[in-house]
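So you know, we letter chains A, B, ... as the sequences are listed, proteins then strands, and number each from 1. Values below: all heavy atoms of this structure, side chains included; hydrogens, waters and symmetry mates excluded.
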Amino acid sequence: MSEVQAPTPTEGGTTIGTGLRRWLVRPEAPALVFLAVLLVAFSLSSDKFLSGSNLESILVSVAVLGTIALAVNQVILCGEIDISTGSMMGLCAVAAGAVATSTGGLILPLLTGVAVGALAGAVNGLLATLGRIPSIIVTLGMLYALRGVILLVTGGSWITGIPDETRVLGTGSVLGIEYPVFVLLILFVVMELVSRHSTWGRNVFAVGGNRRASRLAGLPIDRVRFTAFVLVGVFVGIASIIYLGRAGSVQTNTGTGLELQVVAAVVIGGTSISGGRGSTLAALTGAVLIGVILNGLILLGVPGIWQDAVLGALILLAVATDVLRRRLLGDKS
Amino acid sequence: MSLSDDPGTQGAATVAEALPVFRLQNATKRFGGVTAVEDVDFDLRPGEVHALVGENGAGKSTLMKIVHGLYTPDEGTLEVGGEAVEFSSPRDAEGAGIAMIPQELDLFPELSITENLFVGRHRPRTRWGTLDQAAMRAEARERLRSLGVDLNVTTSVKGLSAANQQIVAIARALVGEAKAVVMDEPTASLTDREVQQLFRIISDLTSGGVGVVYISHRLEEIFTISDRTTVLRDGRHIITAPASELDAEKLVNLMVGRPLNELFTRSPHSPGEVALEVRGLSRAGEFEDVDLVLRRSEIVGLSGLVGAGRSELAQSIFGIRSPESGEIRIDGADVQIRSPQAAMERGIFYVPEERRSQGLILPFSIKNNITLSILDRIARFGFLPRSERQTADRFAKELSIRGAKVSDPVSRLSGGNQQKVVLAKSLAREPSILLLDEPTRGIDVGAKSEIYRLIDDLAKKGKAILLISSELEEVLSMSDRVVVMREGRITGEFGRGEANQQVVMTAATGGKNRPAPELRGNEASEDE
Amino acid sequence: MSAATAVLRRFKFSREVVLLGVLIVLMFVMSLLSPLFFTVGNLLNTSRFFVEVGLMALGMTLIIITGGIDLSVGSNVALVSVAVGFTYAAGLPLPLAIVFGLVVGLAAGLFNGLFITLLDLHPLVVTLGTFALFQGLAYGLSNAEAVSDFPDWFAYFGQAYFLNVVPGQLFIFILAVVVVWLILSRTRFGRYVYAIGNNEEAAHFSGVPVRRVKLALYSGIGLLVGMAAVIYTSRVYTARGDSGLGLELDVISAVVLGGASIYGGSGTIGGTVLGVLIIATLRNGLVLAGVPSTWQVFVLGVLLLVAVFLNEFFRRREE
């Protein structure tokens with residue numbers, strides 16, 4: 001009775017061709033290829049690049065970015081966006097830093113950072129769901145409003161003298177792996193599990209892929225989106241502790257511009273900006289890619305002031321590639 | 001049809017006395033001042049196929065949306081398994097075992113077949129508390145196999161054929177252990193062979209005790225599979241009868257409420273010179289190697305199934321999607337049309353099927369809608385002229401648009417009058433070639449009759465008209481020539497004398513000898 | 001609540017009246033906060049600050065009506081400022097440097113427009129990318145340095161007074177308001193803008209040249225940004241890579257406050273002008289009251305959120 005089964009485009013071709021094609025349509029495939037090409041190119045042009053310590057330092061440098069990107073990835077998969085993470089990170093770091101300097105320890109500052117982040121994320125989520133304001137406007141407003149809160153809290157002064165036991169996530173290492181990398185990898189595994197093996201994780205793809213059908217299927221669309229925004233807050237809180245550990249102090253401009261790097265990481269990695277398509281690995285790949293590019297530029301002697309230009313160009317390149325790839329694969333939707 | 005035994009009728013005989021799966025009594029639903037459904041009774045017994053028929057706008061979809069929990073009735077009661085229920089969402093309905101397969105399938109194109117089956121449903125879990133992917137895949141495979149297909153359940157749905165997407169939608173409905181399945185126009189885009197496959201699935205379902213509500217405009221399908229038939233007209237219940245007591249003619253009369261020949265206007269035309277000629281037009285996946293000729297003072301009917309590529313063809317001629325190969329000639333001269341503006345300058349105008357999303361700018365006034373396509377002509381140095389209002393008034397009067405002032409938003413008008421605004425917009429442009437895509441879809445009988453008169457009048461005045469329609473009666477009654485498309489190709493062309501329901505349906509479905517009285521169209525704008 | 005909505009319903013189509021009321025109340029409050037506020041000199045002086053935002057808000061109004069957005073305007077100001085300053089420093093005569101700056105602004109806008117229309121991408125993503133790109137180019141090309149040795153006459157654009165009280169750039173703004181208002185309300189192009197914002201697909205099917213209109217809009221705002229950037233550079237008398245940082249917030253807030261729906265389809269020039277005036281009054285008042293500038297950003301961020309929320313809230317009420 002299977003005679004009605006029309007051969008679909010993905011089902012044709014030889015097994016090797018099919019396998020390759022399958023792999024190529026994976027969202028993170030272009031980013032991984034690009035990453036491999038860059039690794040080869042940079043290691044050919046600078047012998048320092050491929051050393052183990054340089055590679056690990058790249059991973060350490062993207063730990064904050066990668067952690068936040070893992071969560072923002074979920075927001076973008078829902079068909080939303082969050083560009084408030086820069087100021088949010090600053091605020092979490094201020095709050096955690098203030099607690100750290102008065103009480104010390106790791107747990108209490110961490111909980112503070114996570115709680116502040118979750119609260120800010122909840123505000124984003126509420127305005128975007130119940131308030132029905134487009135998330136770009138919500139988080140643009142919050143980007144500035146939260147920066148204002150930082151100034152209110154700190155009065156414009158720095159927080160210094162973070163005790164060593166609070167800084168362990170930025171300075172220590174476990175099993176020979178530096179803590180920032182360790183935390184990033186743990187969170188990656190957690191998100192991979194949540195994304196594949198929890199109802200919420202699966203619903204995120206449905207809500208971002210076809211909101212009307214999701215409503216008909218009875219999915220709690222608002223709750224799914226709200227949770228994603230809160231998740232961003234929680235991950236930003238964790239990231240702020242890594243930041244505290246690495247930097248040892250908080251300034252009023254901490255985290256400025258981070259939101260762009262995060263969005264760039266997610267879309268460069270291959271998660272579609274229109275939602276419903278992407279993967280956890282895409283966010284991680286994108287973050288590492290940005291780390292490699294920034295590190296490579298420094299090794300090649302390009303001044304740091306060009307960073308923003310490179311980032312912007314990368315975002316545009318990534319979204320353009322996404323569109324062109326879909327057109328080439330004959331996806332007419 | 002070649003169904004050797006007819007399990008449907010047998011099933012009905014044995015379960016006729018059983019408690020109905022659901023029973024709707026005295027249901028009334030109003031939208032603003034419009035009553036979509038009034039005092040309708042409808043019930044479904046286990047193991048039966050209950051056909052629901054009626055013209056566009058008769059209230060079929062509204063009725064089923066009540067059953068499926070999308071609408072709450074203003075009056076009336078719904079019982080499931082003998083107990084009164086009130087659904088506030090489709091989720092409630094599905095929880096009670098009532099599933100719906102809408103005409104426009106609500107699938108998730110990017111997700112795998114397995115995911116599509118389980119979104120919003122209970123999912124099996126491993127003992128670690130994580131989702132049991134293997135179990136879901138196995139169940140998905142099993143569900144599809146029980147429906148007679150063997151698909152790779154990890155592939156995404158967007159690559160599947162229309163028939164297989166339909167099957168995924170049915171499988172999705174069954175994951176919820178449905179006792180009743182509502183199918184809204186399930187065969188609209190299926191070929192003959194796929195329709196038979198679907199019928200086998202339906203008879204498997206009913207012999208398992210599931211009740212099926214079957215909405216269709218294709219009367220021959222209804223006679224093939226239904227046990228009982230209910231007719232709705234203008235939101236009212238007309239009759240519910242066993243299939244054996246009805247025949248095609250009776251059914252059509254019950255649906256339309258008056259003899260068909262009073263609906264259509266047609267005067268003799270004498271087709272003149274070739275206005276539009278299309279040669280070998282192709283666009284991958286949509287239509288292939290299409291030849292078509294339109295003459296002045298001629299109405300050419302373009303028939304075929306939903307998804308046969310008719311709209312895509314017309315939109316290509318109008319410059320909305322560019323053809324990949326082939327030629328278009330207007331008045332004998334080769335032309336390249338890359339945009340609607342270019343098409344309009346060549347005297348072509350396309351009236352789209354999707355009135356609300358493609359034909360009108362709903363928040364705009366009637367005036368601004370009518371003049372939108374002629375602004376480049378009437379504007380002086382880019383400024384809007386005062387005469388704009390008079391121009392709009394003239395066309396509103398010419399098409400007798402009723403119900404609002406020309407300065408009111410077009411959204412205040414009824415469906416029929418909105419359609420007249422779309423036509424007014426096209427006439428304001430004074431095209432010589434008119435491509436009409438389902439021009440009477442979802443509008444009341446009175447407005448239909450007016451639009452037929454208008455189309456006839458336009459042909460008399462020398463315009464070349466392509467009439468795309470899924471209503472066979474409309475095509476046969478209005479056209480000087482009928483062209484049929486199937487799966488993107490022209491599969492038949494009949495002069496006025498040769499065209500009849502049988503030959504047209506055969507060409508449209510590829511089936512042999514399939515008598516097909518049908519009266520159909522889409523339902524989308526009935527009650528929004 | 002019901003009484004309030006009844007009143008609102010009566011004033012439904014005169015949102016401008018409500019905004020005017022807000023503006024008057026705001027001015028009153030500000031004059032209480034600072035005695036300096038209600039002087040003719042200060043009021044006119046305020047216009048120095050809002051002309052730049054106002055010029056960009058005019059273009060942004062049309063873009064938001066089509067359902068689009070341009071996040072890159074602030075960065076584009078920096079790019080144009082650097083283009084003017086550094087070509088002049090490199091020896092180009094200043095008039096030519098100014099023209100070059102305007103061309104850069106236009107080209108940046110055109111770049112946005114081409115990217116958006118040719119790839120069918122959402123303007124949000126594209127302009128988020130160019131937001132970073134233009135900013136980065138401005139930093140990189142200026143090498144994070146500043147140019148400020150302009151000739152005296154350059155100050156005319158941003159610092160001149162007419163009859164000793166009226167800032168010169170106010171005339172440019174008034175002229176721009178009239179021109180854009182005419183375009184939006186009296187021309188075919190304006191009708192197309194509303195058509196696209198209300199139903200892009202139907203507009204396309206009706207023969208509206210959707211892509212060309214969008215290209216014109218994004219290029220047009222590029223040109224307006226160019227003008228704003230020249231005035232800005234003249235006013236602060238310095239060309240730097242961080243000129244115009246964060247201005248997109250003021251611009252978008254003003255437009256949304258003026259009643260343009262962020263979902264497209266509605267908005268007026270009158271509303272936007274009032275929105276610009278309210279934001280300028282707020283900023284000026286906060287400065288006079290001695291509130292630090294970072295706090296102003298906080299207020300603006302909250303104001304933007306409140307404005308959008310109220311817009312959509314009342315729109316839903318009306319339906």
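The shortest non-hydrogen separation linking A:H197 to B:R125 is O-NH1, 4.2 Å. Across all non-hydrogen atoms, the minimal contact from B:E110 to A:G276 is CB-O, 3.9 Å. What you find for A:R196 and B:L131 is that their closest heavy atoms are O-CD1, 3.9 Å. Scanning both residues, B:F108 and A:N210, for their nearest heavy atoms gives CE2-O, 3.4 Å. Minimum interatomic distance between A:A213 and B:L107 (heavy atoms only, all atoms of both residues): CB-O, 4.3 Å.
For B:E312, there are no salt bridge (Lys or Arg N to Asp or Glu O under 4.0 Å) partners at least two apart in sequence or on another chain.
In this structure, CG in B:L111 is found 7.0 Å from CZ in A:R202, a value given to the nearest 0.5 Å.
For a residue to count as touching a neighbouring chain, one of its non-hydrogen atoms must lie under 4.5 Å from one of that chain's; by this rule A:S198 touches chain B with the backbone only. Using a 4.5 Å cut-off between heavy atoms, A:S214 contacts chain B through both its backbone and its side chain.
Note on B:N116, B:L70, B:T130: by heavy-atom pairs under 4.5 Å with chain A, the leading option is B:T130. Among A:P220, A:G201, A:A206, the residue with the largest count of heavy-atom pairs under 4.5 Å with chain B is A:A206.
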Can you give me every donor-acceptor pair (side chain of residues 65-72 of chain A, partner residue at least two apart or in another chain, under 3.5 Å) with its distance?
unit_1, atom_1, unit_2, atom_2, d
A:T67, OG1, A:A63, O, 2.7

